[in-house]
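Okay, so here's the structure we're looking at.
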Amino acid sequence: MIDIGLSKMALIGAVALIVIGPEKLPRVARTVGTLLGKAQRYVADVKSEVNRSMELDELRKMKETMEGAARDVHQSIHTSASDFEKDWNSDFSGTASGTGTDTGVPYDAAGDASVVPAYKHPGKNWRLKRGATPQWYKARSGVRTKAQSGAARVARFRPQKFH
(Lines give C-alpha, C1' and ligand atoms only; values in the text may rest on other atoms or scores of the structure.)
Protein backbone atom coordinates (compact mmCIF):
# COMPACT_ATOMS: atom_id res chain seq x y z
CA MET A 1 0.00 0.00 0.00
CA ILE A 2 1.48 3.36 1.07
CA ASP A 3 5.10 3.31 2.23
CA ILE A 4 5.37 5.73 5.15
CA GLY A 5 8.44 5.85 7.36
CA LEU A 6 8.63 6.49 11.11
CA SER A 7 9.60 10.16 10.73
CA LYS A 8 6.62 10.84 8.43
CA MET A 9 4.26 9.09 10.87
CA ALA A 10 5.57 11.26 13.74
CA LEU A 11 5.10 14.42 11.64
CA ILE A 12 1.51 13.42 10.73
CA GLY A 13 0.79 12.66 14.40
CA ALA A 14 2.12 16.04 15.55
CA VAL A 15 0.06 17.90 12.94
CA ALA A 16 -3.04 15.90 13.86
CA LEU A 17 -2.50 16.65 17.56
CA ILE A 18 -2.29 20.35 16.83
CA VAL A 19 -5.22 20.51 14.39
CA ILE A 20 -7.68 18.14 16.09
CA GLY A 21 -6.72 18.59 19.70
CA PRO A 22 -5.75 16.08 22.35
CA GLU A 23 -9.32 15.31 23.48
CA LYS A 24 -10.60 14.23 20.04
CA LEU A 25 -7.42 12.48 18.84
CA PRO A 26 -8.18 8.96 20.20
CA ARG A 27 -11.64 8.90 18.62
CA VAL A 28 -10.28 10.12 15.25
CA ALA A 29 -7.45 7.56 15.36
CA ARG A 30 -9.98 4.79 16.11
CA THR A 31 -12.14 5.90 13.17
CA VAL A 32 -9.13 6.04 10.82
CA GLY A 33 -8.06 2.54 11.95
CA THR A 34 -11.57 1.20 11.35
CA LEU A 35 -11.68 2.71 7.86
CA LEU A 36 -8.23 1.32 7.02
CA GLY A 37 -9.37 -2.14 8.18
CA LYS A 38 -12.48 -1.97 6.01
CA ALA A 39 -10.39 -0.89 3.02
CA GLN A 40 -7.97 -3.79 3.53
CA ARG A 41 -10.87 -6.29 3.80
CA TYR A 42 -12.40 -4.87 0.63
CA VAL A 43 -9.11 -5.20 -1.27
CA ALA A 44 -8.73 -8.79 0.01
CA ASP A 45 -12.30 -9.63 -1.12
CA VAL A 46 -11.64 -8.19 -4.58
CA LYS A 47 -8.40 -10.19 -4.87
CA SER A 48 -10.12 -13.43 -3.82
CA GLU A 49 -12.97 -12.81 -6.29
CA VAL A 50 -10.50 -12.23 -9.12
CA ASN A 51 -8.59 -15.40 -8.20
CA ARG A 52 -11.84 -17.36 -8.02
CA SER A 53 -12.94 -16.16 -11.45
CA MET A 54 -9.53 -17.04 -12.92
CA GLU A 55 -9.75 -20.56 -11.44
CA LEU A 56 -13.29 -20.90 -12.79
CA ASP A 57 -12.11 -19.97 -16.29
CA GLU A 58 -9.30 -22.53 -16.03
CA LEU A 59 -11.79 -25.19 -14.92
CA ARG A 60 -14.09 -24.36 -17.84
CA LYS A 61 -11.22 -24.72 -20.29
CA MET A 62 -10.20 -28.02 -18.70
CA LYS A 63 -13.80 -29.25 -18.84
CA GLU A 64 -14.04 -28.38 -22.54
CA THR A 65 -10.80 -30.22 -23.34
CA MET A 66 -11.92 -33.29 -21.34
CA GLU A 67 -15.32 -33.32 -23.08
CA GLY A 68 -13.62 -33.06 -26.47
CA ALA A 69 -11.28 -35.94 -25.60
CA ALA A 70 -14.22 -38.03 -24.36
CA ARG A 71 -16.11 -37.33 -27.59
CA ASP A 72 -13.08 -38.36 -29.65
CA VAL A 73 -12.68 -41.59 -27.68
CA HIS A 74 -16.39 -42.34 -27.96
CA GLN A 75 -16.31 -41.72 -31.70
CA SER A 76 -13.24 -43.90 -32.21
CA ILE A 77 -14.77 -46.74 -30.16
CA HIS A 78 -18.01 -46.46 -32.10
CA THR A 79 -16.24 -46.57 -35.47
CA SER A 80 -14.03 -49.49 -34.46
CA ALA A 81 -17.07 -51.40 -33.12
CA SER A 82 -19.01 -50.82 -36.34
CA ASP A 83 -15.98 -51.94 -38.40
CA PHE A 84 -15.69 -55.06 -36.25
CA GLU A 85 -19.40 -55.85 -36.70
CA LYS A 86 -19.07 -55.42 -40.48
CA ASP A 87 -16.06 -57.74 -40.56
CA TRP A 88 -17.83 -60.22 -38.30
CA ASN A 89 -20.97 -60.29 -40.43
CA SER A 90 -19.00 -60.56 -43.67
CA ASP A 91 -16.88 -63.46 -42.32
CA PHE A 92 -19.83 -65.52 -41.05
CA SER A 93 -22.61 -64.53 -43.43
CA GLY A 94 -23.05 -67.94 -45.11
CA THR A 95 -21.86 -70.36 -42.43
CA ALA A 96 -22.64 -71.14 -38.83
CA SER A 97 -21.16 -68.53 -36.53
CA GLY A 98 -18.65 -69.24 -33.81
CA THR A 99 -20.97 -68.02 -31.07
CA GLY A 100 -23.14 -71.10 -31.03
CA THR A 101 -26.06 -69.67 -32.99
CA ASP A 102 -27.01 -70.57 -36.53
CA THR A 103 -28.29 -67.12 -37.49
CA GLY A 104 -24.93 -65.39 -37.94
CA VAL A 105 -25.97 -62.64 -35.53
CA PRO A 106 -23.35 -61.92 -32.86
CA TYR A 107 -24.10 -62.86 -29.27
CA ASP A 108 -25.69 -59.97 -27.33
CA ALA A 109 -24.40 -60.09 -23.73
CA ALA A 110 -26.19 -56.83 -22.83
CA GLY A 111 -29.57 -58.39 -23.63
CA ASP A 112 -29.07 -61.06 -20.97
CA ALA A 113 -27.90 -58.51 -18.39
CA SER A 114 -31.05 -56.43 -18.78
CA VAL A 115 -33.23 -59.10 -17.09
CA VAL A 116 -34.22 -57.70 -13.70
CA PRO A 117 -35.23 -60.09 -10.92
CA ALA A 118 -38.70 -59.63 -9.45
CA TYR A 119 -39.02 -57.69 -6.19
CA LYS A 120 -39.48 -59.82 -3.09
CA HIS A 121 -40.62 -58.10 0.10
CA PRO A 122 -38.15 -58.75 2.94
CA GLY A 123 -40.97 -59.57 5.39
CA LYS A 124 -39.80 -57.17 8.10
CA ASN A 125 -42.14 -55.11 10.24
CA TRP A 126 -40.46 -52.47 12.34
CA ARG A 127 -43.46 -52.25 14.67
CA LEU A 128 -43.11 -55.85 15.79
CA LYS A 129 -40.42 -56.52 18.35
CA ARG A 130 -38.84 -59.92 17.88
CA GLY A 131 -37.21 -60.07 21.31
CA ALA A 132 -38.72 -62.34 23.95
CA THR A 133 -37.69 -60.45 27.09
CA PRO A 134 -39.98 -61.39 30.00
CA GLN A 135 -42.16 -58.68 31.56
CA TRP A 136 -40.79 -59.31 35.07
CA TYR A 137 -37.26 -58.59 33.79
CA LYS A 138 -38.38 -55.37 32.11
CA ALA A 139 -40.16 -54.27 35.28
CA ARG A 140 -37.13 -55.02 37.46
CA SER A 141 -34.62 -53.30 35.16
CA GLY A 142 -36.80 -50.23 34.60
CA VAL A 143 -37.45 -50.63 30.88
CA ARG A 144 -40.42 -48.54 29.76
CA THR A 145 -43.07 -50.69 28.14
CA LYS A 146 -45.80 -48.06 27.82
CA ALA A 147 -45.66 -44.54 26.42
CA GLN A 148 -45.93 -41.81 29.01
CA SER A 149 -45.99 -38.05 28.53
CA GLY A 150 -43.37 -35.81 30.05
CA ALA A 151 -45.87 -34.17 32.39
CA ALA A 152 -47.09 -37.57 33.61
CA ARG A 153 -43.50 -38.69 34.22
CA VAL A 154 -42.78 -35.52 36.25
CA ALA A 155 -45.97 -36.00 38.25
CA ARG A 156 -45.09 -39.63 38.89
CA PHE A 157 -41.70 -38.86 40.38
CA ARG A 158 -42.66 -35.63 42.16
CA PRO A 159 -41.93 -35.83 45.90
CA GLN A 160 -44.94 -35.94 48.22
CA LYS A 161 -45.85 -32.79 50.13
CA PHE A 162 -45.96 -33.14 53.88
CA HIS A 163 -48.81 -31.24 55.59
Side-chain angles (χ1 to χ4, degrees), residues 1-2 9 22-89 92 96-163:
M1 284 189 41
I2 301 171
M9 290 290 284
E23 64 275 352
K24 293 183 182 179
L25 188 62
R27 185 173 32 179
V28 170
R30 206 174 310 129
T31 305
V32 169
T34 306
L35 292 175
L36 280 174
K38 287 181 181 179
Q40 287 176 346
R41 282 192 295 273
Y42 179 73
V43 168
D45 288 344
V46 169
K47 282 182 182 179
S48 67
E49 186 65 33
V50 167
N51 288 338
R52 202 173 312 135
S53 65
M54 288 172 54
E55 290 173 1
L56 189 61
D57 289 340
E58 290 175 5
L59 286 174
R60 277 194 200 116
K61 289 177 185 176
M62 187 184 301
K63 178 186 172 192
E64 289 172 1
T65 57
M66 293 300 283
E67 285 176 348
R71 266 188 253 110
D72 293 342
V73 168
H74 179 63
Q75 186 66 25
S76 66
I77 289 173
H78 185 66
T79 55
S80 63
S82 63
D83 292 342
F84 177 73
E85 285 181 16
K86 288 177 187 175
D87 291 343
W88 185 269
N89 290 335
F92 296 106
S97 65
T99 59
T101 60
D102 293 341
T103 60
V105 178
Y107 177 72
D108 186 17
D112 293 340
S114 64
V115 176
V116 180
Y119 175 74
K120 181 180 176 277
H121 193 273
K124 296 179 182 178
N125 189 351
W126 62 272
R127 290 183 185 95
L128 296 178
K129 303 294 184 195
R130 301 218 192 294
T133 310
Q135 290 295 328
W136 64 267
Y137 182 81
K138 289 182 183 178
R140 181 166 289 189
S141 61
V143 176
R144 277 190 258 153
T145 57
K146 294 179 175 58
Q148 192 175 31
S149 70
R153 200 172 302 118
V154 168
R156 180 177 172 195
F157 294 108
R158 183 176 292 132
Q160 295 290 330
K161 290 184 180 180
F162 294 108
H163 292 290

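Numbering of residues begins at 1 and proceeds along the displayed sequence.
In this pair, Phe84 and Trp88 present their aromatic rings tilted. The plane angle is within the 30 to 60° band.
The side-chain heavy atoms of Gln135 and Lys138, taken from C-beta on, include a pair separated by under 4.5 Å.
Using a 4.0 Å cut-off between charged side-chain N and carboxylate O, Lys61 and Glu58 make no salt bridge.
To the nearest 0.5 angstrom, Arg41 atom CZ is 10.5 Å from Leu36 atom CG. One distance of note links OG of Ser76 with CZ of Arg71; it measures 13.5 Å at 0.5 Å rounding. Note: Arg156 CZ to Ser149 OG = 11.5 Å, rounded to the nearest 0.5 Å.
A pairwise comparison of heavy atoms in Ala152 and Gln148 identifies CB-CG, 3.7 Å as the closest pair.
Each of Met66, Arg60, Glu67 was compared with Lys63 under the side chain to side chain contact (heavy atoms under 4.5 Å, CB included) criterion, and only Glu67 meets it.
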**OP:** Mind running salt bridge (charged side-chain N to carboxylate O under 4.0 Å, His left out) on Glu49 and Arg52 for me, showing each step along the way?
**Re:** CA-CA 5 Å; Glu49 186 65 33; Arg52 202 173 312 135; 2.9 Å; yes
